[in-house]
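As structure tokens, the structure follows; a few thoughts come after it.
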Amino acid sequence: MAVESPLERERRAKVARGRAEGREPYPWSFPGRVDSGVVRAACTSLAPGGEDLDHPFRVGGRLKIVRQHGKTAFADLEDLAGSLQLILRVDVLGESDYRAWLADLDPGDLLGADGVPAVSRRGEPSLLVRRLTMLAKAITPPPEKFHGLQDVEERLRRRYVDLLASAEVRERFRVRSLLVRELRQYLDAAGFLEVETPVLQAVAGGAAAAPFVTRSNYLDRDLQLRIAEELPLKRLLVGGLERVYEIGRTFRNEDLDSTHSPEFTELEVYWAYADYHDMRRLTEGLFDRLRARTVELLPDRPETVRAAERFRPPFATIDFVEELERRSGIDDLLSKSREELRSLAWATGSTVPENSSTGTFLDKLFEHYVEPSIDRVTFVMDFPAATTPLAKRHRSKPGRVERFEVFAPGFELANAYTELTDPDEQEERFRAQLGERGDDRYAYDADYVEALRYGLPPTTGIGIGIDRLVMALLGLSSIKDVILFPLVRAR
RNA sequence: GGGCCCGUAGCUCAGCCCGGUAGAGCAGGCGGCUCUUAACCGCAAGGUCAGGGGUUCGAAUCCCCUCGGGCCCGCCA
């Protein structure tokens with residue numbers, strides 16, 4: 001246990017004093033509480049200096065600050081609905097209670113109050129308090145009242161302090177939750193079934209990324225945490241579930257930076273008897289819906305509204321190959337050999353390893369020549385076949401697959417395919433990928449190929465990074481701003 | 001992996017360049033005040049200057065190492 005500071009000693013003394021005087025500082029419950037907005041609403045009919053003695057209310061929340069004036073004191077109590085001023089008066093509470101409470105109250109205490117709506121002479125909606133109840137005495141003082149908690153490290157390590165000190169941070173995470181709810185409602189209404197597939201897998205597949213490895217004592221073998229949701233979900237379409245989605249944590253054993261987190265929340269949607277054009281329309285509808293919801297939730301934040309409005313259709317569209325050729329001046333990109341592409345990629349200053357795949361070099365070129373120019377939400381269409389083994393070849397463009405990605409300025413938001421359904425071609429593509437990369441990071445999932453042999457309907461699928469989507473909608477630049485407890489080093 | 005920056009009271013920050021008794025505001029303590037909104041006035045208190053080592057008569061300050069964090073670059077289809 002940490003060494004007790006003088007401030008904490010003072011507060012423990014107040015705990016003991018409360019108990020000695022019959023005021024339990026950590027009670028069991030506090031029934032009948034309304035949120036602060038109810039009291040503020042009840043104040044609207046009152047004139048300054050007015051009180052509504054006939055309609056008592058009970059509120060509870062965190063004490064932010066106390067302003068004492070001898071025989072009257074004002075205290076700001078904050079709950080999720082906002083802040084409410086409490087008026088404490090010696091002539092209402094009685095001399096001894098008034099003195100005892102003011103001696104024992106500290107910023108940060110969780111406090112209950114019974115009283116009546118009242119508007120102060122200066123016009124502030126308030127609760128004129130008849131009775132106070134300590135709900136939880138705070139031993140550790142909260143951050144400074146005006147500046148709040150500034151230390152970035154502390155804000156991440158102790159997110160609860162960040163939250164209790166900042167209504168803005170509370171609001172941000174509340175909005176994230178409501179946006180995810182909206183997303184579920186949209187997909188549910190479109191006939192999609194929410195499912196849950198395994199996080200623990202023998203071999204993590206569906207993407208190329210380093211997995212986290214753990215161990216099952218029961219099976220006496222290593223297991224990996226999933227790096228994508230894709231392969232189990234498509235198996236469900238083989239099984240006839242037709243339209244499924246999963247929102248879940250996905251893990252990649254890689255670096256954390258402003259757009260990457262080792263654990264992140266991913267939405268994947270799979271839709272049988274539909275192709276990537278259908279998926280594009282579904283995605284545009286989803287973006288528009290989330291845009292509207294964001295603006296509805298945060299109408300008074302101009303920067304957020306501006307960020308969200310970028311998600312209003314129609315969206316910019318570019319062709320991967322045409323745009324890359326136009327911006328780089330490279331001709332006939334698709335006929336270049338792996339060695340040629342490697343030289344071109346290295347010429348941009350990239351240091352990707354020599355044995356990287358053709359797809360990797362193409363991605364590097366796109367990243368260098370095209371991504372910096374993306375200044376709005378943009379659909380990038382029809383990637384070269386070498387960039388993914390899971391998409392179906394393009395029905396009319398040779399050397400391409402039916403794949404689109406959605407980019408927001410600065411990062412990728414989503415990745416969608418018309419899914420490859422031919423089992424023999426899938427097997428070949430997996431093997432080609434293995435052979436080309438020369439490493440075992442892209443696992444060959446034999447059971448998935450086996451599943452395709454039973455027949456996967458024509459299908460489209462998409463993966464959307466929820467953390468990044470929330471970032472983009474709210475106009476935030478760091479993924480840590482939308483993850484409650486980002487990974488931090490043990491201290 | 002490379003570069004730059006940061007770590008001082010519970011919190012927000014000065015002090016560091018140019019070495020010489022560790023400062024302020026908020027919060028907390030004591031006293032005053034019946035309408036404040038970061039209330040106000042007075043008094044007293046509060047420190048592992050991230051940790052370790054070095055230079056020096058003397059280190060928060062200069063040097064080295066370590067830990068933690070931030071930003072940029074690289075890597076991660």
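Just so it is clear, the structure is predicted and the values come from calculations on it, not from any experiment. Each chain gets a letter, A, B and so on, in the order the sequences are listed, and its residues count up from 1.
Judged by a 6.0 Å distance limit and a 45° cone about the ring axis, Arg400(A) is not positioned over the six-membered ring of Phe320(A).
Pro353(A) comes within 4.0 angstrom of the backbone, heavy atoms only, and of no base. Across all strands shown, Gln150(A) has heavy atoms under 4.0 Å from sugar-phosphate atoms exclusively, and none from any base. Among the heavy atoms of the strands, none lies under 4.0 Å from Glu154(A). Using a 4.0 Å heavy-atom cutoff across all strands shown, Arg489(A) reaches sugar-phosphate atoms only and no base atom. Nucleic acid contact class of Ser350(A) (heavy atoms, under 4.0 Å, all strands): sugar-phosphate only. Using a 4.0 Å heavy-atom cutoff across all strands shown, Arg252(A) reaches no nucleic acid atom at all. Within the nucleic acid shown, Gly148(A) comes within 4.0 Å of sugar-phosphate atoms alone, with no base atom in reach, counting heavy atoms only. Ile87(A) comes within 4.0 angstrom of no nucleic acid atom, judged by non-hydrogen atoms across all strands. Lys64(A) comes within 4.0 angstrom of nothing in the nucleic acid, heavy atoms only. At a threshold of 4.0 angstrom between heavy atoms, the contacts of Thr351(A) are confined to the sugar-phosphate backbone, with no base atom among them. At a threshold of 4.0 angstrom between heavy atoms, the contacts of Asp106(A) are confined to the sugar-phosphate backbone, with no base atom among them. Looking at heavy-atom distances under 4.0 Å, Asp151(A) makes contact with sugar-phosphate atoms alone, never a base.
A salt bridge links Arg99(A) with Glu95(A): the distance from a Lys NZ or Arg NE/NH1/NH2 to an Asp or Glu carboxylate oxygen falls below 4.0 Å. Taking the charged nitrogens against the carboxylate oxygens, Arg170(A) and Glu78(A) do have a contact shorter than 4.0 Å, which makes a salt bridge. A salt bridge links Glu21(A) with Arg23(A): the closest approach of a Lys/Arg side-chain nitrogen to an acidic carboxylate oxygen falls below 4.0 angstrom.
Between the C1' atom of G32(B) and the NZ atom of Lys71(A) lies a distance of 12 Å, rounded to the nearest Å.
Using atom P as the reference point in both A45(B) and U56(B), the two lie 38 Å apart (nearest Å). Rounded to a whole angstrom, the distance from the P atom of C73(B) to that of C26(B) is 41 Å. Here, A44(B) and C30(B) have their C1' atoms 8 Å apart, quoted to the whole Å. Comparing A14(B) with C33(B), their C1' atoms are spaced 32 Å from each other, to the whole Å. For the C1' atoms, the distance linking C40(B) with G3(B) amounts to 50 Å, nearest Å. Rounded to whole Å, the C1' atom of U61(B) lies 16 Å from the corresponding atom of C6(B). Comparing the P positions of G52(B) and C67(B) gives an interatomic distance of 15 Å, to the nearest angstrom. Going from the C1' atom of A50(B) to that of C5(B) covers 16 Å, rounded to whole Å.
You'll find that the side chain of Glu10(A) is closest to G28(B), out of G28(B), G69(B), C26(B). Side-chain proximity of His69(A) to the nucleotides A77(B), C76(B), U34(B) is greatest for U34(B). Of all nucleotides listed (C11(B), U12(B), A39(B)), U12(B) comes nearest to the side chain of His147(A).
Using bins of under 30°, 30° to 60° and over 60° for the plane-to-plane angle, the ring pair His394(A)/Tyr276(A) lands in the perpendicular bin.
Here the closest non-hydrogen pair linking Leu149(A) and Ala165(A) is N-CB, 4.5 Å.
Within the structure, every side-chain polar atom (N or O) of Lys145(A) is placed at least 4.0 Å from both OP1 and OP2 of U12(B).
Nucleotides of RNA chain B nearest to Val152(A) and Glu51(A) differ in position, and the one nearer the 5' end is that of Glu51(A). The nearest heavy atom of RNA chain B to Leu487(A) and to Ser120(A) marks one nucleotide each, and the one closer to the 5' end goes with Ser120(A).
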